[in-house]
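We use all heavy atoms of the structure for the numbers below, so side chains are in, but hydrogens, waters and symmetry mates are not. Throughout, protein chains are lettered first and strands after them, A, B, ... in sequence-line order, and every chain is numbered starting at 1.
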Amino acid sequence: MILFVETLIGGLLAGTMYSLVAIGFVLIFKASGVFNYSQGALLLFSALALVTFLEMGLSFWPAVLVTMVVMVILSIIIERVVLRPLANRNVMTLFMATLGLTYVIEGAAQGLMGSEVRLLDIGLEDNALFWGDILISEFDLIVACGAAVLVIALAIFFSKTRIGISLRAVADDAAAAQSIGININRIWQIVWAVAAVVGLISGMVWGARQGVAFSLSLVVLKALPVLIIGGFTSIMGAIVGGLLIGAGEALAETYLGPLVGGGITPWFAYVLALAFLFIRPVGLFGEYKVERV
Amino acid sequence: MSKHFTSIAAAVAIAASSIMSTGVALADGMTQYVPLFVYRTGPYASSGSLWFAGERDYFTYINEVEGGVNGVKFAIEEFETEYNPDRAVEAYERSKGGKDGSPTAFIMTHSTPATYALMDRAREDKIPLFDPAGGPSESKNGLVFPYVFPLLLTFYGQGSVAVNFIAEEFGGFENLKGKKIVTVYHDSGYGRASQPVMTKLAEKYGFIDVQIPVAHPGSEQTAIWRQVRAEKPDYVVLRTWGVMTPVGIKTAKRFGIDTTRMLGDVWAGSRADMIPAGDAAIGYNAIAPYPGGSDFDVHAKLKEHVIDKGLSNLENSDADFGAVFYNVGVVNAALAVEGMRIAMEKFGNRPLTGEEMLWGLENMTIDAARLEELGMTGLLQELKVTPQDHEGGGAARVQEWTGNGWNLVSDWIAVDDSVVDPLIEAKAAEYAAEQGITPRVVD
Amino acid sequence: MNTGSDTTKPSQPLLSVDGVEVVYDEHILGVADISVTVNPGEIVAILGANGAGKSTTLKAISGIAQTERAKITKGSIRFKGDQINGIAPHKLAKRNIVHVLEGRRVFSHLTVEENLKAGSFLRRPARREMERRIEEIYDWLPRLRDKRKTLAGLTSGGEQQMLAIGRALLTQPELVLLDEPSMGLAPIIVQEIFEIVSRLNRENGVSFLVAEQNIHVSLAHAHRGYVIANGHAVLSGSASELAAREDLHEFYLGLQEEDPSETRQKA
Amino acid sequence: MNSVGAKPTPDLNAIGQAGSGRGTQSWAFLALLAALVLVPLITTEYVTQVVVLPVLVLGLAGLGLNILTGYAGQISLGSGGFMAVGAYAAYVLAIHGGITFFPLTLLLAGVIAGLVGWVFGLPSIRIKGFYVMVTSLAAQFFFEWLFLKFPWFYNYGDVPTISLPPMGLFGLDINGSYVIKYYFTLAFVVALTWMASNLIKSHVGRNWMAIRDMDTAAGVIGIDSKKYKALAFTISAFYLGIAGALWGFIFLGTTSVGSFQIDRSFQILFIIIIGGMSSIRGNYIGAAFIFLLPLVIDYFAKTFIGDTVSPGVLSNFQKFLFGALIIIFLIKEPDGIDKLLRQLMGRVRRWGRKRA
C-alpha cells in the first residue's frame with residue numbers, strides 16, 4: 001500500500017512537469033489554432049540561452065530576465081516570418097511549418113550555443129523528503145508548487161488584464177476580435193512570447209533535472225498525450241492531464257511494466273490517452289465543436 | 001514564385017551531377033581519404049562532438065607534426081548522420097569509393113546501429129569497420145566477421161569487466177554469492193547486449209542478476225528507481241546512454257541508493273554524463289577502456305601542437321580537453337594510424353585500400369613499449385589483434401568521478417574469456433548459419 | 001423619416017464604395033461590381049437575398065475579407081476621402097469603422113462585461129473612463145446590465161446581438177457596418193434592435209450600413225437603400241422610394257433563382 | 001495578381017487545372033518510366049542504389065500516407081510505425097515462416113501491416129482531426145517499443161538489428177546485385193502505384209474524398225463513412241508496410257527500429273505536403289525533394305562554407321537550412337510541387353500553342 005501511495009504521489013508530482021510543457025502548447029493552440037510542435041525546441045532554446053548567459057557571468061535572475069527578452073524577440077520574429085505569411089492556411093500546413101520551425105530552432109540553438117550537455121543549477125535540491133514512510137522528491141514538490149503559482153498567475157493574467165481579455169477574445173473569434181480593433185498579429189506575438197516564457201520555465205525545470213542538451217526538445221512528445229486527455233484548449237485540462245499521465249505512467253511502470261518487460265513509458269501515455277478518447281473524444285476539458293482538418 | 005523553384009531545381013541538378021562524379025583529380029597521390037560519419041546534431045550530439053574532435057585533433061597532429069603516416073596525410077570528410085543508421089548507409093555509399101584518387105581504407109561507424117547496417121555491405125566492399133567498445137560482440141570472431149572490429153572491449157566483455165570489478169569491491173569472487181546486482185539499462189540493443197554474459201556469470205558466481213529497462217530517452221525515471229530500491233541491490237550497474245545517465249544517477253541518489261556502489265559502463269561514464277548530475281555523481285564509478293584525463297603523454301603533445309596552436313576541433317577546449325569522449329576519439333584515431341603503419345610495412349608508403357588495411361589491423365600488436373612511444377600508457381591497453389580475435393585487448397580500467405574529473409581507481413581489469421568466448425563463438429556460428437557464411441580459414 | 005439625403009448632401013460622403021470586385025482564393029468571385037455610398041449621419045440598407053454578396057461587401061469595406069483569403073481586385077473604397085482598400089481591420093477600427101459580423105459572433109467564453117471591455121480597449125481609456133463608457137452602453141442596452149457576469153455564449157440571441165452592437169459602439173465608431181442583425185431573432189426583438197440603431201443614429205450621429213434580408217424593418221429605419229443580386233448593385237434609392245416600389249419584392253425574389261449558388265461562396 | 005483590369009473575370013468554375021492535356025500527361029509519364037528503366041544503365045551504382053531507389057521507396061510510402069491523409073482526410077503521424085510493421089513482418093515471415101520468395105513475402109507483409117492499420121484506424125470512427133493524429137502517434141511509439149522489446153521479432157539476437165536472410169526471386173538472390181534490386185523495386189512500385197491510381201479513380205476514391213471534404217454530409221448522402229475510413233487506414237498501412245519492407249530488405253539490407261522512428265513519420269508527411277496532397281505523382285516528386293535536399297545542402301555547405309566554420313556549426317546550419325526551406329516552401333507553394341509543375345506544363349502548352 002505504501003508503495004502504491006508513494007508511486008501515486010511521485011507520479012502526480014512528476015506529472016506537473018508534463019503539464020508545464022503542455023500549457024505552453026495550449027496557449028498557442030487556443031489563441032491561433034496552431035498545433036505547435038516546436039514547443040519542445042523553444043524549451044531547448046530557452047534553457048540553452050539561459051545556461052549560456054549564466055556561463056557568460058550573469059547572475060541567476062538577470063540571466064533569466066535576459067533570456068526572457070531573447071525569447072520574446074524570438075517569438076516576434078516567428079510570428080512575423082512564419083505565422084503571418086501562413087495566416088488562414090489550413091491547420092496541417094501550420095503544423096508542418098512548426099515542424100520546419102523545430103529544425104530551425106534546434107539548428108540555431110545548437111549551432112550558436114553548442115551541443116554539449118551543460119549543468120543548469122536553479123538552486124533546487126533533488127533530495128528525498130519523507131512523509132511517514134512515503135518518499136517524496138523535494139524537487140518535484142517545489143516544481144509542483146511553482147507550477148501552481150504559474151497557473152494562478154496565468155489565470156489572473158487572462159481574467160484581469162486587458163491583454164489577457166484580448167487574448168481570450170481572439171481565441172474565441174479572431175475575425176470578430178479584429179473587427180473591434182484587436183490586432184491579432186500582436187496578440188499572436190504575445191501568445192508566442194508567453195508560451196516561450198512558459199517554455200523557459202519548463203526548460204529550467206527539465207534542464208535542472210537532466211542537464212541542458214538536445215533531449216530537452218523531445219519533452220514535447222510527453223506533452224501530446226497530456227493534451228489529448230486535457231483537451232487542446234484548456235489550461236486546467238493541461239494540468240489535470242499532466243497529473244493523470246504522470247500518475248498513470250508511474251503506476252504502469254511499477255505494476256504493469258514488470259509483466260511485459262518494462263520500458264513502456266513512451267507509449268503508455270498515448271494508450272492511456274486513447275482510452276480517454278474513447279470515453280470522451282474531445283478530452284476532459286475540451287469542447288465539442290465541429291473540427292475541419 | 002515559380003522562378004524561385006526553378007532555381008532550386010537547378011541547384012538540385014547541379015549538386016546531383018557533382019555527387020555522381022566522385023573521384024576527380026588526384027591531388028598528390030599521398031593523401032588517405034577518411035570519411036567520418038558524425039552526429040553533431042540530434043540527441044547524441046553532446047557525446048559525438050567531443051568524440052569527433054578527439055579524432056580530428058589526433059589526425060591533425062599526425063598531419064601537422066609527423067607529416068602524415070610515413071608521409072601519407074589524412075584528408076577528412078565529415079558526413080552528418082544524426083546517429084541515424086539510414087543516413088550512415090547513404091554516407092557509406094557516397095564515400096566507399098574513396099575520393100581524389102585515394103581509396104577508403106577504413107570507416108569509423110561511431111554507432112552500433114550503423115555498424116549493423118553496414119556490416120554486410122562492408123564485407124562485400126572489403127572495407128574494415130571500426131567500432132571500438134561497440135558493435136556486435138560476436139564480431140570479435142574475425143573469421144565470421146572479417147571486416148568488423150569491435151576493438152578493445154566488446155559489449156559482452158563490458159559485462160565481464162563489471163562483475164570482476166564488483167567482485168574486487170566485495171573482496172573476492174567468493175563474496176559475490178547471494179549478492180544482488182541490478183542492471184539498469186537503456187532499452188535497446190546496446191543496453192541489453194551484456195545480458196547473456198550477466199546470466200552466465202550469475203550462474204558461475206551465485207549472485208542474483210536483476211535487469212530493469214528504461215525507455216529512451218529516460219528523462220523521467222522515478223518509477224524505475226523506486227523499483228530498484230525495492231530490490232535492495234548490493235550493487236547497481238548502469239548501461240545507459242545520453243540523458244538517461246545523469247537522470248538515473250540523480251534519481252538513484254534521491255531514492256537513497258549509494259552512488260559509490262554504482263558502476264557505469266563505457267557509454268555511461270563521461271564528463272557529459274556527470275556534469276548534469278551534479279553532486280549526486282561524486283563517487284560514481286565507470287568502466288573505462290578509454291579513461292578520461294589529460295595527464296597522459298599524448299595529451300601533452302596534442303596540447304602543444306594542436307590545442308595551443310588553435311588547430312583543435314574542440315569548441316571549448318578548456319573544459320573538454322581530456323574528457324572521456326575526447327579520449328575515445330584520440331584512441332580510435334591512434335588505432336587507425338597504427339593499423340595503417342603496420343599495413344604500410346607490407347604494402348608500401350601510399351594510401352591504402354580496405355583490404356590492405358584489413359591486413360594491417362589483423363596484424364596489429366601494440367605492446368608496452370609502443371604504448372610508451374605513443375604516449376598512451378595507461379590510456380590504452382596492450383593490444384594484439386589477430387584474424388581470430390578482432391577485439392585485441394579485452395580489458396578496461398575503472399574510474400571514479402570526483403565532482404570535477406575522473407580518478408582512475410583500478411589498473412586494467414581483464415575480461416573472463418572462459419565465460420565470454422563460448423558465448424561469442426555460439427553467436428558467431430549462429431550468424432554464419434543464418435547468413436550462409438563460411439568462416440574464413442587463415443593460416 | 002424622409003430627410004432625403006440628396007438635399008443635405010455634404011461635400012464629401014463618409015464612405016464611398018466604387019465598382020468593387022472581390023475574389024476569394026484567387027478563383028471564386030465574391031462580388032462583381034458594387035458601388036455604395038454612405039453620407040455622414042445616414043442609415044443605409046443593403047438588401048439582397050442570401051448569397052447575393054451583402055456580407056462580402058461589408059467585409060470588403062472593413063478589411064475582414066482579406067483575412068479570409070479574399071482580395072479586392074477592382075474598384076476602390078474611400079472613407080472620408082481616403083482610400084482604405086487593403087487596410088487591416090484593426091486599423092480601420094481605429095479609423096472609426098467597426099464591423100458587426102453576421103451571426104453576432106460574441107466572444108462566447110467571455111462574460112458580457114468582458115466582451116464590452118474588449119471593445120473598449122481600442123481607445124485605451126483609463127479604468128474609470130472605461131467603466132463609465134460601459135455604463136453608458138448599459139444605459140443604451142439595459143438588458144445587458146442584468147447579464148453582465150454571464151458568459152456571453154449563454155445569453156439569448158437578442159442579447160448577443162445587442163452585445164455585439166454595444167461592443168462595437170465602444171470602439172467609438174463613426175460608421176457601423178451591421179450584418180444581418182435580424183438573423184434568427186423574433187420580430188419583436190428585431191424591432192427593438194432597429195429602434196436602438198435609429199436612436200443611436202439620431203442622438204449620437206453614428207452612421208450605419210446595414211445588410212439585411214428583412215426588407216420591411218430595414219427600410220422602415222434606413223434613409224436610403226441598395227438592392228444587390230449576383231454580386232452587382234441592381235437598384236438604389238431613398239428608403240421611401242424603394243419601399244414604394246411595387247416590383248421590389250419580385251425583383252428581390254426573382255433574382256434568387258438566377259443565383260448560380262456554387263460560384264458564390266459565402267465566407 | 002494586380003487590380004489592373006486586363007485580366008478577364010476569374011474563372012468561375014473550379015480552378016487551377018491547366019487544361020486537361022491527357023495526351024501530354026501520358027506521354028510525359030512514359031518518358032519518365034523510360035528514364036527510370038534506364039537509370040542503372042546510364043548512371044552509377046551510387047545514384048541507382050542510394051539516390052533513385054530510396055526515392056522510389058519513400059515515394060511509395062508517401063503514396064500510402066497520401067491515401068489516408070490526402071484522399072480520406074485523416075492525419076497520421078504513424079507512418080514510420082506501419083513501415084516498421086511491414087519490415088518486421090517480412091523478416092518474421094522469412095525467418096520463422098520460411099517464406100523466402102520475396103514478392104510473396106512482401107505482399108504478405110503488406111497484408112499484415114494493412115490489418116494492423118485497420119485496428120489502429122478504429123478510433124478514427126469516433127474522433128477527428130488532431131486527435132486522430134495523436135492516436136497515430138500511439139501506434140508509432142507502440143511499435144517502436146514492440147519491435148525492440150520482444151526478441152522473437154529479431155530472431156533472438158543480442159541487438160535488435162536484423163541481419164536480413166538471403167531472399168529469393170525466381171532462383172536469384174534478391175540482394176545479389178544492385179541492378180536486380182533496383183528493377184525489382186521499380187516493378188513493384190510501378191504496379192502498386194498503378195493500382196492506387198485506379199483505386200482512387202473508382203467509387204472508393206470518390207467516397208474517400210467525399211468523407212474528406214464533408215464528413216457529416218458524406219453520411220447523409222449514404223456513404224458508410226466508418227467502412228471507408230477503415231478501408232483507407234487498411235490500404236494506407238498496406239502500402240506503408242510494403243514500403244517499410246522494401247526499405248529494410250532492399251535499401252538498407254538491415255532493419256532496426258531506428259529506421260522507422262517518429263522522424264520517418266515526419267519525413268513521409270513532408271513528402272506528401274511538399275509533393276502535393278491528393279496527388280499520386282506528387283508523392284514521388286516530394287520524395288525526391290525531401291531525400292535530395294539534405295544532400296544538396298550538404299554539398300553546397302561543404303563546397304562554399306566548409307572551411308570557414310566548425311563542423312558542428314556546419315551540421316547545425318544544415319539542419320537550420322532544411323527547416324527554413326520547408327517553411328519557405330509552405331509559404332510560397334501551399335499546394336506542393338505537383339501543382340507547380342502542372343502550372344508550368346500548362347504554361348508550356350499555351351506557349352507551344354501560341355507559337356504553332
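Taking a cutoff of 4.0 Å between a charged side-chain nitrogen and a carboxylate oxygen, Glu93(B) and Arg121(B) qualify as a salt bridge. A salt bridge links Lys140(B) to Glu391(B): one of the charged nitrogens lies within less than 4.0 Å of a carboxylate oxygen.
For Glu82(B), the part sitting under 4.5 Å from any heavy atom of chain D is the side chain, from C-beta outward, and nothing else. Contacts between Asp298(D) and chain B at a heavy-atom distance below 4.5 Å involve the side chain alone, from C-beta outward. Neither the backbone nor the side chain of Gln261(D) comes within contact range of chain B, judged by heavy atoms closer than 4.5 Å.
Scored by the salt bridge (charged side-chain N to carboxylate O under 4.0 Å, His left out) test, Glu77(B) finds Lys99(B), Lys302(D) as partners (sequence neighbours excluded). With sequence neighbours left out, Asp320(B) forms a salt bridge (charged side-chain N to carboxylate O under 4.0 Å, His left out) with no residue at all.
Contact count against chain B (heavy-atom pairs under 4.5 Å) is highest for Ser259(D) among Pro54(D), Ser259(D), Gly258(D). The candidate with the highest count of non-hydrogen atom pairs below 4.5 Å against chain B, out of Gln318(D), Glu144(D), Arg264(D), is Arg264(D).
A cation-pi arrangement is absent between Arg87(B) and Tyr39(B) under the rule of less than 6.0 angstrom and at most 45 degrees off the ring axis.
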